[in-house]
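Okay, so here's the structure we're looking at.
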Amino acid sequence: MQYLIQRNRETACRVRGLRDTFCLAARGPRAALQAQQPEYHHPDRLFAYTLNLVRGVGSRDTSEQELPAYAAPLQRPCIAVRKTGYDLLHDPWSNKGMSFPPEERERLRLRGLLPPGHLDMDLQKQRLMEEYLRPLAMVPPEDSRLGGVTSEMARRWALLQALQDRNETLFYSILTQHFVEMAPIIYTPTVGWVCANYHKLYRRPRGMYFSSEDRGNMAAMAYNWPQDDVHAIVVTDGSRILGLGDLGVNGLGIPIGKLDLYCAAGGFSPSHVLPVVVDVGTDNEALRQDPLYAGLRSSRLTGPDYYRVMDEFVAAVMSRWPRAVLQFEDFSSQHAASLLERYRHHHCVFNDDIQGTAATALAGLYGALRVMGKPYSELAEQRVVVVGAGSAGMGVVQLVAAAMEKHGLSPSEAASRFWMLDRKGLITTRRPGLQPHVRGFARVEQSEDGQSLLEVVERVHPTMLVGLSGAGGIFTEQVVRTLDRHCSHQRPVIFPMSNPTASMECTAEQALTWTEGRAIFAGGSPQPPVRLPGGGEPRPVAQANNMYLFPGIALGAFIGRTGIINEDMLMTVAEALPNMISEEGLRQGLVYPRLEDIRAISARIALELCVTAHRSGHLNGPAREALAADGGGVGGFSSSRGVGEGEKSLLNFIVRSMFWPEYKSLVLLPRGVGE
Ligand SMILES: NC(=O)C1=CN([C@@H]2O[C@H](COP(=O)(O)OP(=O)(O)OC[C@H]3O[C@@H](n4cnc5c(N)ncnc54)[C@H](O)[C@@H]3O)[C@@H](O)[C@H]2O)C=CC1
Ligand SMILES: CC(=O)C(=O)O
Ligand SMILES: [Mg+2]
């Protein structure tokens, strides 16, 4: 028997080169097992068995009586692996994708690296064969909800996704070079289609999954992620993905898309960002019934249970990566604002839909004033109708009102410049159960409660119309023409900001046609240039999307170690962005700077955020030192505000800190070094 072990050990060591592990594992009662179970005479099988003992079972105090129970898993053939976690998933010889059973996920440190659901090999084959036989069958041109995403866009997404899985440096090099062309492929609108179909498109794991079934384990799970130094995390609970509603764990596509922009536009390194979905169930019945759906099939947690899961998640990731910026993305309004309030004072968190969108909308409205040759202070004269009183709409109203106060209005005067509508129409103080932050902007004329958008526009004569409802097409021809007719002393400003394309409240072509070119327009998703009847050059169209700001906000907060992101910072970046519009852009009616310059824009936004943070004592680390130092100049911006010497130095520091995708020399570390 001793001889048998010796022989097997030597063979296994020779074959596998894993002597240490094997020798450790081969101590104890394995000899008896070999005597009883001839299949363990094969070195691979003996090795796998002993390895399993080391990893899990074997950590217990074993005895010969227990051997048959230990032997049970080995009724099925097994192979030896040395890799665990992320490395194992990316090893094609051992990877099983979503077929890893729960005990292997635990033992091999895969927990959190795969969706919580399980697919057996039959389902995996079925999914592949469906696509094999009907390529891109998931793109239904007739599905108006996802309109705007063609099969060609889906094909390009798949191509880029496969490249990103193989070679991130090449992926980001191409993406930064062709940003304007490719942003609609990796981000809105294509990402909306991707999320709706993520359970069919899923190939390789990307990011992390925490679920309500992981309660009690999240702090440990965070260590399954292979990177010790994460700089930015984008998390969703999948409850409100763009204007597409509850998509459960499929929503992970959004944090992935956002972080692609963090890297391409904001200069974060791809190896230091982490996309996450927290799976608390889904109320999307169609997904729950779909055999390929990869998330929990229970209905969504709510109330204290929900917050317990989120608290544990935030504590887990913030304790492993305390310097990371944590961005909340596409949480339904039921939880978005309360989550932000819950964590914003203790961690560097921000909600992109509330805060990033608010700053972007305010920047666009200032941009519209610049297009009209008016000063920012004219904002206080505007009459603003906002359709959609959810996270995004309320965030916008609050920040724009704060800006009006800066321009001299009292809080009540500022509130009186807004008319908010939700799916029940105009919101007045008559509405029961209004949350305090909505009540402050509810109209006091209670008899008008529930008025339609058309009635409001007819009566109020707004100058600015913002859509954040997710309700595609509700800026009808009649609404837009009425708005235009009553907007005699300035051009009407129309921002249908919902995403993806089919959820936009109207298109650029509609708004410009119905107003005969007078509208100053910006839409949530990209729009092609519009050629108006009567000829002339096609008019380029601005995109009112928070992608203009969130990469720079996160970059500034991370580099400046600000610890918080507050309203002052949002206000500053909103004021800075329109200053980057070129004179030609203003002539063309563009309310945002050129998207081609997104990296320079992000660097500048990061600078503005850091400078504001410095004023309130929130700037820390090397960024604060850089601001105090003299430095050389950095070019590339058209800003009306000059940049002082300290700021030049800080801008240099920011630009130098940004990831740039290029191949670098790789060296092989000798064994033992850096381990
Ligand atoms: N362009 C951008 O940067 C951003 C765009 N968005 C878009 O804004 C939309 C809303 O996002 P959230 O506020 O987070 O969602 P939410 O679910 O919190 O709020 C939606 C609001 O729209 C209202 N609404 C729905 N249907 C309506 C209708 N037919 N008429 C009037 N109001 C209606 C709802 O009552 C609710 O008040 C989404 O489509 C999202 O993609 C959100 C963030 C950023
Ligand atoms: C752009 C974005 O964050 C949204 O549509 O939700
Ligand atoms: Mg969003």
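We number each residue from 1, following the sequence as shown. One-based numbering, in listed order, for ligands and for the atoms of each. These numbers come from a predicted model, not from an experiment.
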Atoms of ligand 1 close to [X] [distance to a heavy atom under 4.0 angstrom, numbered from 1]:
{"X": "Ser498", "value": "7 (C), 8 (O), 9 (C), 39 (O)"}
{"X": "Asp353", "value": "42 (C), 43 (C)"}
{"X": "Gly470", "value": "9 (C), 39 (O)"}
{"X": "Ser391", "value": "13 (O), 14 (O), 18 (O)"}
{"X": "Gly524", "value": "1 (N)"}
{"X": "Ala389", "value": "21 (C), 36 (C), 37 (O)"}

Out of Arg423, Met504, Met497, Met394, indicate the one that has the non-hydrogen atom closest to atom 1 (N) of ligand 1. Met497
The option among Lys258, Met547, Gln543 carrying the non-hydrogen atom nearest to atom 2 (C) of ligand 2 is Lys258
Min N/O separation [X] to ligand 1 under 3.5 Å:
{"X": "Ser333", "value": "yes"}
{"X": "Ala471", "value": "no"}
{"X": "Ser332", "value": "no"}
{"X": "Thr357", "value": "no"}
{"X": "Ala544", "value": "yes"}
{"X": "Gly390", "value": "yes"}
{"X": "Ala392", "value": "yes"}

Is it the case that [X] and [Y] place a side-chain donor and acceptor less than 3.5 Å from each other?
{"X": "Gln527", "Y": "Thr507", "result": "no"}
{"X": "Ser503", "Y": "Ser498", "result": "no"}
{"X": "Tyr293", "Y": "Asn250", "result": "no"}
{"X": "Asp237", "Y": "Ser239", "result": "yes"}
{"X": "Gln588", "Y": "Arg539", "result": "no"}
{"X": "Tyr376", "Y": "Lys406", "result": "no"}

Which segment of Asn546 sits under 4.0 Å of ligand 2 when only heavy atoms are counted: side chain
Cation-pi check, Arg383 onto Trp419 ring (under 6.0 Å, within 45° of axis): no
Checking one value in my table: which N/O/S atom of Asp353 lies closest to the Mg ion (ligand 3)? OD1
Closest protein heavy atom to [atom], given as residue, atom name and distance to 0.1 Å:
{"atom": "atom 32 (N) of ligand 1", "value": "Asp422 C, 3.1 Å"}
{"atom": "atom 5 (O) of ligand 2", "value": "Asn499 ND2, 2.8 Å"}
{"atom": "atom 8 (O) of ligand 1", "value": "Leu468 CD2, 3.5 Å"}
{"atom": "atom 3 (O) of ligand 1", "value": "Asn546 N, 2.8 Å"}
{"atom": "atom 38 (C) of ligand 1", "value": "Leu242 O, 3.7 Å"}
{"atom": "atom 25 (C) of ligand 1", "value": "Ser469 O, 3.4 Å"}

Quick one: which residue pairs count as a salt bridge (Lys or Arg N to Asp or Glu O under 4.0 Å) with a foot in residues 386-403, not counting sequence neighbours? none
Please lay out, stage by stage, how Asn546 and Thr357 fare under the test side chain to side chain donor-acceptor pair (under 3.5 Å). CA-CA 5 Å; Asn546 50 28; Thr357 311; 3.1 Å; yes
Between Leu570 and Ala359, which heavy-atom pair has the shortest distance, and what is it? O-CB, 3.8 Å
Determine the minimum heavy-atom distance between Ile241 and Gly251, stating which atoms define it. CD1-CA, 3.6 Å
Check each heavy atom of [X] against ligand 1 and say whether those closer than 4.0 Å belong to the side chain, the backbone, both or neither.
{"X": "Ala336", "result": "neither"}
{"X": "Val387", "result": "side chain"}
{"X": "Ile474", "result": "side chain"}
{"X": "Arg240", "result": "side chain"}

Could you tell me which atoms of ligand 2, counted from 1 in the order shown, lie closer than 4.0 angstrom to a heavy atom of [X]?
{"X": "Asp353", "result": "2 (C), 3 (O), 4 (C), 6 (O)"}
{"X": "Asp330", "result": "6 (O)"}
{"X": "Glu329", "result": "3 (O)"}
{"X": "Leu242", "result": "4 (C), 5 (O), 6 (O)"}
{"X": "Arg240", "result": "6 (O)"}
{"X": "Tyr187", "result": "1 (C)"}

Less than 4.0 Å between a side-chain N and a carboxylate O, is that true for Lys424 and Asp449? no
With rounding to the nearest 0.5 angstrom, report the CZ to CG distance, Arg459 to Leu426. 6.5 Å
Could you grab the distance from atom CG of Asp353 to atom CG of Leu340, nearest 0.5 Å is fine? 11.0 Å
Working to 10°, measure the angle at the Mg ion (ligand 3) formed by atom OE2 of Glu329 and atom OD1 of Asp330. 100°
Using the ring of each side chain (for Trp, its six-membered ring), is [X] parallel, tilted or perpendicular to [Y], with breaks at 30° and 60°?
{"X": "His347", "Y": "Tyr343", "value": "tilted"}
{"X": "Tyr592", "Y": "Tyr548", "value": "parallel"}
{"X": "Phe558", "Y": "His231", "value": "parallel"}

Counting only nitrogen or oxygen atoms and a 3.5 angstrom limit, does Asn545 reach ligand 2? no
Less than 6.0 angstrom separating the ring centers of Phe550 and Tyr262, yes or no? yes
Flag yes if more than 12 heavy atoms outside Gln478 fall under 6.0 Å of its CD atom; otherwise flag no. no
If we only consider heavy atoms of Ser503, is any one of them less than 4.0 Å away from an atom in ligand 1? no
Polar side-chain atom of Thr428 near backbone of Val444 as donor-acceptor pair, under 3.5 Å: no
